[in-house]
Amino acid sequence: GYANSESGKITVKVLDQNGNLLGTSQASVCRQKEACQFSTLVMYSHPTTATGIVIAQTFDAANNLEDEREVAVAFLD
């Protein structure tokens with residue numbers, strides 16, 4: 001993806017349809033005004049639902065939530 005953040009970090013979470021946290025990961029992102037490319041790998045436990053969401057969160061320098069984006073996903077066996 002592409003992101004920027006005052007803290008220079010992004011957190012990516014995978015949740016099932018019931019809101020259970022299956023896995024999480026962090027990556028480094030740009031601290032500049034323009035977003036830069038990042039990648040991360042999230043290892044997650046086997047979901048008990050067919051769908052869920054991926055949430056990407058950035059935080060400011062004081063570790064307060066800066067921005068949050070969600071994407072619906074379907075889990076494949």
Side-chain angles (χ1 to χ4, degrees):
Y2 286 85
N4 63 330
S5 172
E6 284 184 26
S7 68
K9 298 177 190 171
I10 190 168
T11 299
V12 178
K13 299 177 182 180
V14 177
L15 289 81
D16 68 12
Q17 188 173 358
N18 297 325
N20 297 313
L21 180 64
L22 303 176
T24 187
S25 180
Q26 283 195 340
S28 297
V29 296
C30 294
R31 291 184 179 198
Q32 306 153 346
K33 193 171 188 175
E34 297 297 320
C36 63
Q37 190 172 5
F38 76 93
S39 65
T40 189
L41 176 66
V42 181
M43 301 295 291
Y44 59 91
S45 56
H46 187 72
T48 58
T49 61
T51 60
I53 58 172
V54 173
I55 300 174
Q57 299 172 316
T58 57
F59 299 87
D60 64 17
N63 208 33
N64 298 308
L65 184 63
E66 188 174 50
D67 192 22
E68 180 175 280
R69 305 292 169 109
E70 295 184 7
V71 176
V73 295
F75 300 115
L76 304 175
D77 285 329

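Counting begins at 1 with the first residue of the sequence.
For the atom pair CD1 (I10) and CD (Q26), the distance works out to 10.0 Å, reported to the nearest 0.5 Å. For the atom pair T48 OG1 and L22 CG, the distance stands at 7.5 Å (nearest 0.5 Å). Here the CG atom belonging to L65 is positioned 8.5 Å from the CG atom belonging to D60, to the nearest 0.5 angstrom. Rounded to the nearest 0.5 angstrom, Q32 CD and N4 CG are separated by 8.5 Å.
Here the side chain of D16 pairs a donor or acceptor atom with the backbone of N18 at under 3.5 angstrom. The backbone N or O of V12 lies less than 3.5 Å from a partner atom in the side chain of T24, making a donor-acceptor pair. When atom types are taken as modelled, the side chain of S25 and the backbone of L41 share a donor-acceptor pair closer than 3.5 angstrom.
Between C30 and A35 the shortest heavy-atom distance is SG-C, 4.4 Å. Here the closest non-hydrogen pair linking A27 and S39 is CB-O, 3.8 Å. The minimum heavy-atom distance between K9 and V29, with the atom names listed, is N-CG2, 3.8 Å. The two residues K13 and L21 come nearest to each other via the heavy atoms CB-CD1, 3.9 Å.
Shown here are the salt bridge (charged side-chain N to carboxylate O under 4.0 Å, His left out) partners of R69, two or more places apart in sequence or in another chain: D67. Under the side-chain contact (heavy atoms from CB on, under 4.5 Å) criterion, A61 pairs with E6, sequence neighbours left out.
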Inset, instruction - Decide side-chain hydrogen bond (donor to acceptor under 3.5 Å, both in side chains) for T51 and Q17; before the verdict, give the C-alpha distance in whole Å, the side-chain angles of both, and the deciding distance to 0.1 Å. - result: CA-CA 6 Å; T51 60; Q17 188 173 358; 3.0 Å; yes
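Using a 4.5 Å cut-off on side-chain heavy atoms (C-beta onward), N64 and F59 make no contact. By the 4.5 Å heavy-atom criterion applied to side chains, E68 and I55 are counted as neighbours. Between F75 and V14 the shortest side-chain heavy-atom distance falls below 4.5 Å.
Cluster membership for V54 and V42, using ILVMFWY side-chain heavy atoms within less than 4.5 angstrom, is shared.
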